[in-house]
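To keep things clear, I will list the structure first and then write my remarks on it.
Index from 1, following the sequence. Note that the structure is predicted; figures quoted are calculated from it, not measured.
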Amino acid sequence: MLELNKSGTDRSEPGRLPAQDPGPDAARDTRPAGDSPSSGPDAAADRVPLRPYLIAGAVLCALYFLYAYFQYARFGSPSWDLGIFEQEVRAYAGFDAPVVDIKGPGYLILGDHFSPIVALLAPLYWIWPSAESLLFAQAALFALGAVIVGRTTQQILGGGSGLCVTVAYGLSWGIQEAVKADFHEIAFAVPLLALVCRALLLKRYTAALLWSLPLVLVKEDLGATVAVVGFLLFVYGRRLQGALLAAFGVAAFVVTLVVLIPAASSAGRYDYWTKIDKNGEQDVSMLDSVLGVLDSSVKIEMLVFLIGITAFMALRSPLTLLILPTLGWRLLSQDSNHWGMVWHYSAILMPVLFLALADGVRRSRGSHRPWLASYAKVAVPVAAAIAVAMTQHLPLRDLLRPDTYRTDDARSQAARAALDAIPAGSRVETDITLMAHLTSDRTVYWVGGAPGTAPDIVAINLDFGWSRPIQDPVAYAEQLHPEARYRLKHRGGSFVVMERTTPEPATIPGVRGD
């Protein structure tokens, strides 16, 4: 169970949650509490070499990017998100408002999710104006998290524990599934949360506060996580800092959901409340949502594997409290995509859990329970073994398959031919298959999501998985846009490109005149 006692043993003083201690293996610090003691964890930090972790991070970055790049090159993007984020970054790079036409003509993305930190990718996009630059940035941010997690582990546990945890974190299912899901804004939260947890473990409390502040710019729900960081600071003895940070986190959470997002949204509200209070068209009360947090085997499996990848030692650390806000909204959600082990939702939990593993091992080494002290000696290699074993069922296993590196198959060649038939600068309505390959130099709409725009091009993959097979693509394009007429421009394999033959509308929804 969670340990908040000072000694790192199983005994605690009744009614008190005193400050964290580095454990029996660290030098005792008798100086007043501060952020930069000259002994203990900080002194140990100076003795831990950085180079091995930079090398490990570079290898992980290469693996992540290699997987993401070839998935992109084979036109295998699993969702529209990569195209959405490229449109957002492209707008920031051009010093424009972050309008994402994929979500709807003229749609201001800050009215969907509040992630202004994505603007930091604009300089990279100036150099490399492609969706691939976002995939590389995410790979680098995930790998940076591994460097922080691994090196911090060695600083507090010593030995070869750091590289073991680097491997366990780097191959963890939460990170691998996020790599498969293409780019998402949570990539920024991964190293930030690693830095927050590192600072808490090394008793650098002011640093923990400062590193947690940018989290509110990553995604709207992370204000609640910041509030939990404030709670931990309060528990660890930094009463004023903790109270102020907790208040800031709560205020940021409320203001973002109630004021900022509705102000940017054309609907004037935060649309994702419906994920909790509606199941399809059926209303769900908050009580029913709360009572149903563990009503699915998918949810239970996800929780077991979250803690299981740390050999269950994360349960010994109060850092585990930081995962509760994210788990809370996911378990309350009526959307089954939020429950399981796929997509990107668990990536931000990985640095917290693996540093909680390190903290749990440190606390357990001095336990008066012999079995627990003995288990603490092997928990880190056990966690690494679990990660390696699970990888055979996870995305990165594909890097061992020759077919992963083939981009000259018939489907990919047909997709590239369709891209060549779409003029640069045109307005295109398309599905997920071609979307992220078009957003760098075209205005792109989601198929069926841009009524009244009469786009220049309608490009579709007939094998995309439509609810009803499309027998006549031209008739389908004109059904989407009865205000225009289209003709077949290109057809190859399952890809069809149609161009508008009638004049462009005088007024296009979502497009402002000069």
Side-chain angles (χ1 to χ4, degrees), residues 1-13 17-30 33 35 37 39-48 53 146-169 193-205 207-208 229 232-233 235-237 307-323 350-384 386-387:
M1 59 185 296
L2 291 179
E3 284 289 333
L4 285 164
N5 64 75
K6 183 175 181 178
S7 66
T9 69
D10 299 317
R11 295 180 296 179
S12 59
E13 185 176 335
L17 298 176
Q20 174 183 21
D21 188 277
D25 294 331
R28 184 173 297 278
D29 184 8
T30 58
D35 291 333
S39 63
D42 286 332
D46 296 334
R47 297 192 296 270
V48 174
Y53 295 97
V147 172
I148 298 165
V149 168
R151 188 164 184 262
T152 303
T153 298
Q154 185 171 343
Q155 288 166 208
I156 66 176
L157 296 183
S161 57
L163 289 176
C164 277
V165 168
T166 303
V167 171
Y169 163 91
L193 281 167
L195 288 165
V196 168
C197 293
R198 168 187 168 84
L200 289 173
L201 292 180
L202 298 182
K203 299 201 295 185
R204 299 171 178 172
Y205 297 131
V229 177
L232 290 177
L233 288 177
V235 167
Y236 291 159
I307 306 302
I309 56 173
T310 68
F312 297 96
M313 288 302 293
L315 292 172
R316 297 280 294 170
S317 172
L319 290 183
T320 306
L321 295 173
L322 291 171
I323 74 174
M350 296 299 108
V352 176
L353 288 170
F354 281 99
L355 285 175
L357 158 66
D359 188 32
V361 169
R362 177 177 64 175
R363 291 168 178 271
S364 300
R365 283 176 170 177
S367 174
H368 294 297
R369 300 170 183 170
W371 68 267
L372 183 57
S374 297
Y375 182 59
K377 296 177 182 179
V378 300
V380 168
V382 167
I386 290 172

Open item on the list: Pair I309, M350 - check side-chain contact (heavy atoms from CB on, under 4.5 Å), show working.
Closed with: CA-CA 9 Å; I309 56 173; M350 296 299 108; 3.6 Å; yes
- [ ] Check the pair I386 / T310 against side-chain contact (heavy atoms from CB on, under 4.5 Å), numbers first and verdict last.
- [x] CA-CA 8 Å; I386 290 172; T310 68; over 6 Å; no
Open item on the list: Assess the residue pair V382 and M313 against the criterion (side-chain contact (heavy atoms from CB on, under 4.5 Å)); give the C-alpha distance rounded to whole Å, side-chain angles, the decisive distance to 0.1 Å, and a yes or no.
Closed with: CA-CA 10 Å; V382 167; M313 288 302 293; over 6 Å; no
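In plain terms, the two heavy atoms of S161 and G158 that are nearest each other are OG-O, 2.6 Å. Across all non-hydrogen atoms, the minimal contact from L355 to A194 is CD1-O, 3.5 Å. Here the shortest heavy-atom pairing between V361 and A376 reads CG1-O, 3.4 Å. Closest of all the heavy-atom pairs between A358 and T153 is CB-OG1, 3.7 Å. Between A384 and A168 the shortest heavy-atom distance is CA-CB, 3.8 Å. Closest non-hydrogen pair, Y53 versus G150, comes out as CE2-C, 3.5 Å.
Atom OG1 of T166 and atom CZ of F354 lie 10.5 Å apart (nearest 0.5 Å). Annotation: the span from L315 atom CG to L357 atom CG amounts to 10.5 Å, rounded to 0.5 Å. To the nearest 0.5 Å, atoms CD (Q154) and SG (C164) are separated by 10.5 Å. Within the model, atoms CG of L157 and CG of D359 stand 9.0 Å from one another, a figure rounded to the nearest 0.5 Å.
Remark: A356 pairs with A314, S317, L319, T320 by the side-chain contact (heavy atoms from CB on, under 4.5 Å) rule, at least two apart or across chains. Every side chain to side chain donor-acceptor pair (under 3.5 Å) that T152 has, sequence neighbours left out, goes to R198.
For the pair Q155 and L201, the minimum side-chain heavy-atom distance is 4.5 Å or more.
Checked options L232, L353, V352; the residue passing with C197 is V352 (criterion: side-chain contact (heavy atoms from CB on, under 4.5 Å)).
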